[in-house]
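Proteins get letters first, then strands, A, B, ... in listed order; numbering begins at 1 in each.
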Number of protein chains: 2
Amino acid sequence: MAPNVRYSASKENHLKAIFHLQQEHGIVTTNALAAALQTRPASVTDMLKKLKDQKLLIYERYKGFKLNNEGRKAALQVIRKHRLWEYFLVKKLQFGWDEVHEIAEELEHIASKKLIDRLDAFLGFPEADPHGDPIPDSQGRLQTRRQINLAQLPLGKVAQVSGIASQTSEMLELLQYNHIRLGTRLEIKKKFPFDESLEVKVRNRPPVTLSARVAKNVLVNDDEPITERR
Amino acid sequence: MAPNVRYSASKENHLKAIFHLQQEHGIVTTNALAAALQTRPASVTDMLKKLKDQKLLIYERYKGFKLNNEGRKAALQVIRKHRLWEYFLVKKLQFGWDEVHEIAEELEHIASKKLIDRLDAFLGFPEADPHGDPIPDSQGRLQTRRQINLAQLPLGKVAQVSGIASQTSEMLELLQYNHIRLGTRLEIKKKFPFDESLEVKVRNRPPVTLSARVAKNVLVNDDEPITERR
DNA sequence: ATTAAATTTTAGACAAATCTAAAAATAAAA
DNA sequence: TTTTATTTTTAGATTTGTCTAAAATTTAAT
């Protein structure tokens with residue numbers, strides 16, 4: 001059994017941020033990573049050299065970079081830890097889903113793999129964190145689910161909220177106000193072409209209107225409901 | 001409300017170790033602290049200067065040192081976190097009491113006070129960790145309990161195990177083998193003056209013999225049973 | 001195809017935490 | 001009470017992660 005491979009908290013943060021950025025853009029740039037980590041491009045370059053020496057990423061001067069297999073594995077372990085701790089904080093310690101991120105940023109750097117696997121079991125092997133982001137399994141496999149945003153959902157088709165793209169507290173507050181949260185089943189009653197706003201219906205509630213801006217940030221599952229239900 | 005005052009993990013480790021050492025010896029020496037932290041006396045001196053500058057301890061060159069009020073408060077918060085996490089690991093994640101120390105050494109440095117107070121509530125405000133050491137409350141108050149070691153227990157008086165002084169895995173293994181753990185009610189049936197060994201009886205079990213060495217490391221409550229029972 | 005602008009990297013510095021080796025202070029022994 | 005031994009501190013170096021300012025490279029614009 002591989003012992004707990006340890007990377008510093010800073011390295012783990014870099015790996016995680018690179019992972020997220022390359023999901024969107026394929027290749028990652030120094031400036032983009034510096035912005036994501038709230039640090040300086042020069043600092044990023046310093047760290048990239050170390051990560052390259054440790055064979056965690058593919059990197060050539062001035063040409064951008066991305067994780068190799070080893071780096072992706074490491075990033076996924078950190079993401080797994082982050083999301084499991086978030087789930088724990090919300091489901092067991094009664095935190096609001098909008099206040100757990102910072103604490104999870106710290107907890108995700110606790111090394112013990114055994115701890116995380118036990119926590120996973122204790123929580124009942126959840127598939128997604130409180131924001132709807134999927135949790136990688138013990139081997140680091142990330143199940144990808146087909147998500148579309150609410151603006152793309154056809155009129156009259158019921159779908160279940162499975163993620164929130166922009167997780168600002170303002171956004172979360174707005175959704176809370178409209179009784180929309182993870183797992184909520186909803187249906188588009190009307191689309192207004194003028195401003196692309198939507199009238200949305202949640203069961204047992206009066207219909208509400210959502211702006212295009214909001215709708216694009218609400219992700220719903222295209223197909224079947226997410227598994228983790230009952 | 002005071003925001004989370006943050007000390008580095010290393011500083012917290014120093015504070016905690018000083019606290020424990022001064023419990024026993026009143027004043028703490030550089031060498032003793034270096035030994036406890038597995039580091040070098042020179043490194044301890046370096047850190048002491050910083051802690052003194054932050055007004056966490058009373059320190060004069062060459063004369064030993066101890067925590068002041070501020071330092072003691074900080075140390076107790078770390079100890080509270082350590083012991084609550086240990087309790088969580090054993091009671092919720094099914095870890096053995098002999099394997100939780102190292103993980104708790106990491107978890108104790110997570111800053112959020114809200115997290116710890118929520119965890120405390122989630123666990124039902126336990127009074128002692130899995131080794132029987134008392135858990136400071138949210139204000140850092142440490143309830144001291146009257147403990148004696150098993151060798152001091154009078155013949156025939158039933159007492160309840162409330163702590164283990166030497167928590168080596170060898171010791172814990174031996175106790176486990178003899179079905180002695182926290183909360184176990186036991187009674188001394190016979191004392192052998194030759195080697196000061198004891199014959200000890202646990203309810204529903206055949207009597208076992210414990211060496212003086214072991215007996216001195218098993219702490220029992222003098223008086224009433226510890227509160228945290230049912 | 002040059003020039004200008006933006007991006008990225010290097011060079012050199014700094015803070016935190018640690019170390020080794022040597023010096024200073026204190027304690028113990030002859 | 002000297003001398004010796006032990007303890008503690010200082011001086012100077014090292015590692016990790018970060019920074020600023022300047023140089024190198026790439027990209028965009030005229």
For DNA chain C, which nucleotides open and close the run of contacts to chain A, 5' to 3', at under 4.0 angstrom from a non-hydrogen atom? C:dT7 to C:dT10
Reckon A:Thr30 touches a base, only the sugar-phosphate, or nothing at all at heavy-atom distances under 4.0 Å? sugar-phosphate
Check whether any side-chain N or O of A:Lys50 sits under 4.0 Å from OP1 or OP2 of D:dG17, and answer yes or no. yes
Between D:dT8 (C1') and B:Leu33 (CG): distance, integer Å: 13 Å
Name every residue in residues 8-29 of chain B that has at least one heavy atom under 4.0 Å from any atom of DNA chain D, in order of residue number, or write none if there are no such residues. B:Thr29
Check every strand shown and say whether A:Tyr59 touches a base, only sugar-phosphate, or nothing at a heavy-atom separation below 4.0 Å. sugar-phosphate
Considering the options B:Arg83, B:Lys16, B:Lys81, which one meets the side-chain hydrogen bond (donor to acceptor under 3.5 Å, both in side chains) requirement together with B:Glu108? B:Lys16
Which pairs, with at least one residue in residues 67-79 of chain A and sequence neighbours excluded, count as a side chain to side chain donor-acceptor pair (under 3.5 Å)? A:Asn69-A:Arg72
Within the pair A:Tyr7 and D:dG17, is there a side-chain N or O less than 4.0 Å away from OP1 or OP2? no
Tell me which of A:Ser43 and A:Tyr62 sits closer to the 5' end of DNA chain D, going by the nucleotide each one is nearest to. A:Ser43
Does D:dT8 have OP1 or OP2 sitting under 4.0 Å from an N or O in the side chain of B:Asn31? yes
For B:Thr45, answer base if it contacts any base atom (sugar-phosphate contacts may also be present), sugar-phosphate if it contacts only those atoms, and nothing otherwise; contact means non-hydrogen atoms under 4.0 Å. base
